[in-house]
Amino acid sequence: MTGMSDIDHGLDGTAGATDDESTEDESSGGDGLFDDLVGSTPVFEDKEVLRPSYTPRELPHRTAQIDQIASVLASGLRGDTPSNILIYGKTGTGKTACAKYVSEELEATAETGDVPCEVAYINCEVTDTQYRVLAQLANRFVADNRRVLQARLGDLETLRDRVEVEGAAALADSDLPDREALAAAIEELRADRARMEEVPMTGWPTDRVYDAFFEAVDYRERVVVVMLDEIDKLVEKSGDDTLYNLSRMNADLDNSRVSIMGISNDLQFTDFLDPRVKSSLGEEEIVFPPYDATQLQDILQQRAAVAFREGVLAEEVIPLCGAFAAREHGDARRALDLLRTAGELAARDGSERVGEGHVREAQEELELDRVTEVVRTLPRQSQLVLYAIVRMDEKGMDSITTGEVYGVYEHLCEHVSTDALTQRRVTDLIGELDMLGLVNAVVVSKGRYGRTKEICLSAKSDATARVLRDDAGLATLESVDPFVQQRFDV
DNA sequence: AATCCACAGGAAGCCCGGGAAC
DNA sequence: GTTCCCGGGCTTCCTGTGGATT
């Protein structure tokens, strides 16, 4: 259990980070600092259930997937090795929630059965190297073993004390024949305990960590499901060695069985895997399709019933949240964010009901947050390129071309004494800005006048400009006129 | 039909920082 | 500590290209 709480902590950490931001937003918005903490306002009954970290007990429209996962894992309850599972689906389709739900059920059922089943959850976005994955797993089972061992040791020690008082008769109801055996058993457990070392966060050779994990898992009989969330991140960052090692383990384990449950946003990620890993990992593949608008509404309805006070939601609020989120690839997380933000906005302006306007406002705000965040964290050079485009846009130029952007950009670089990148590189940066949705860039051919990209700022241009000036500190370039006559003298 | 513009975007290689291995 | 290796950012050099113009 201690191991699990460690792991959970990682999760809370990430959720906490986003929470911090939203509370900051609210306090700067001039609203009560403690509203969030008190948890109950005229609008909300319990806001927590709208947060991404909350795992509901019921997952609408996912019974098929849940049954599928459960039927695969069920073999673990019989002491067999469950097939490895690979779960696919876009963000906010309930992959992790379903997998966790089934895992909890599995562990709960196993408690009453003969074979212990345990699920080790690892978020590969955070734990993204082979070393860290193995170390985290090893430590979880080391802690687990120690606890079991400690309990057994405690029992034996009280037994020994009883033997001291009552004599050898006290051994009658144990499986130990005599005092020597008892002493030997205690010694053995102590030796085991001393041998079980925690794996440090860094420093050991990777194969030693692997051995530590191996020994810890095999210490007693059990079926272990290693749940690797965002497994594509792990493969992307550190290759498929981890998966290869894990999938091969069963051949050498004596007491325990290990199977892998991988969760991925990316349908294509198995292309990078070793064929052997690919076939072993993909024994069972389960796809989570995006939710459609009505399914999203059901989810929202279920949560809203708990989250909001009776009757504060206007009729059209939930359908609208569902529709907005369905447009974003059926992302339930997004739908819940929308609903929560809409509620917060209603609470902020003191209204007692959440209306359609609040939802639209929330949609705006979330989009704005995204743009702000993206622009703020852009590399310096990309910010300069983007700023060049902003300036040209503000000058009223339409159909901006790569060459023009480059000219302005070069000029801006001089004023911030930065070395300008080559045009080749800037084309790539413009491509990246396009991917991020900050600009729209289309390749057009102007016949005799060449082939270029036509670039324009996308929707949130005012937000983009504001962030560049305020956060990125480009306001100092405001006085610079980057539109010099270029290269007519050459 | 040929030409030619103003780039797009691929290929190869350099440089540098960070992490693993020795 | 140093050496090696790797990946990412970047440059240099290059070939390819759609369509107005000749």
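Chain letters run A, B, ... following the sequence lines, proteins first and then strands; every chain starts at 1.
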Rounded to whole Å, the CD-P distance (A:E404 to B:dA8) equals 12 Å
In chain order, what residues pass the side-chain contact (heavy atoms from CB on, under 4.5 Å) check against [X], with sequence neighbours excluded?
| X | value |
| --- | --- |
| A:V49 | A:D46, A:Y54, A:V306, A:A307 |
| A:D331 | A:T91, A:R333, A:R334 |
| A:A70 | A:V102 |
| A:T81 | A:N250, A:R257, A:S259 |

Those residues at least two apart in sequence (or on a different chain) that pass ring pair (Phe, Tyr, Trp, His ring centres under 6.0 Å) with A:H415 are A:H411
Taken in chain and number order and not counting sequence neighbours, the residues that satisfy ring pair (Phe, Tyr, Trp, His ring centres under 6.0 Å) with A:F141 are none
A:N265 meets the side chain to side chain donor-acceptor pair (under 3.5 Å) criterion, sequence neighbours left out, with A:K95
Those residues at least two apart in sequence (or on a different chain) that pass side chain to side chain donor-acceptor pair (under 3.5 Å) with A:T96 are A:D229
Nucleotide N/O of nucleotides 16-19 of chain B paired with protein N/O under 3.5 Å:
none

Worksheet item: Are the charged groups of A:D428 and A:R424 less than 4.0 angstrom apart, N to O?
Response: yes
Once base and sugar-phosphate atoms are separated, protein heavy atoms under 4.0 Å mark nucleotides 6-15 of chain C, 5' to 3', with B, S and - as ---SSSBB--
So ring pair (Phe, Tyr, Trp, His ring centres under 6.0 Å) across residues 437-463 of chain A, not counting sequence neighbours, yields none
Might you list the N or O atoms of the protein lying below 3.5 Å from N or O atoms in nucleotides 1-6 of chain B, with each pair's distance?
| from | atom 1 | to | atom 2 | distance (Å) |
| --- | --- | --- | --- | --- |
| B:dC4 | O4' | A:R448 | NH2 | 3.3 |
| B:dC5 | O4' | A:R448 | O | 2.8 |
| B:dC5 | O2 | A:G447 | O | 3.0 |
| B:dC5 | O2 | A:R448 | O | 3.3 |
| B:dC5 | O2 | A:G450 | N | 2.8 |
| B:dA6 | N3 | A:R451 | N | 3.1 |

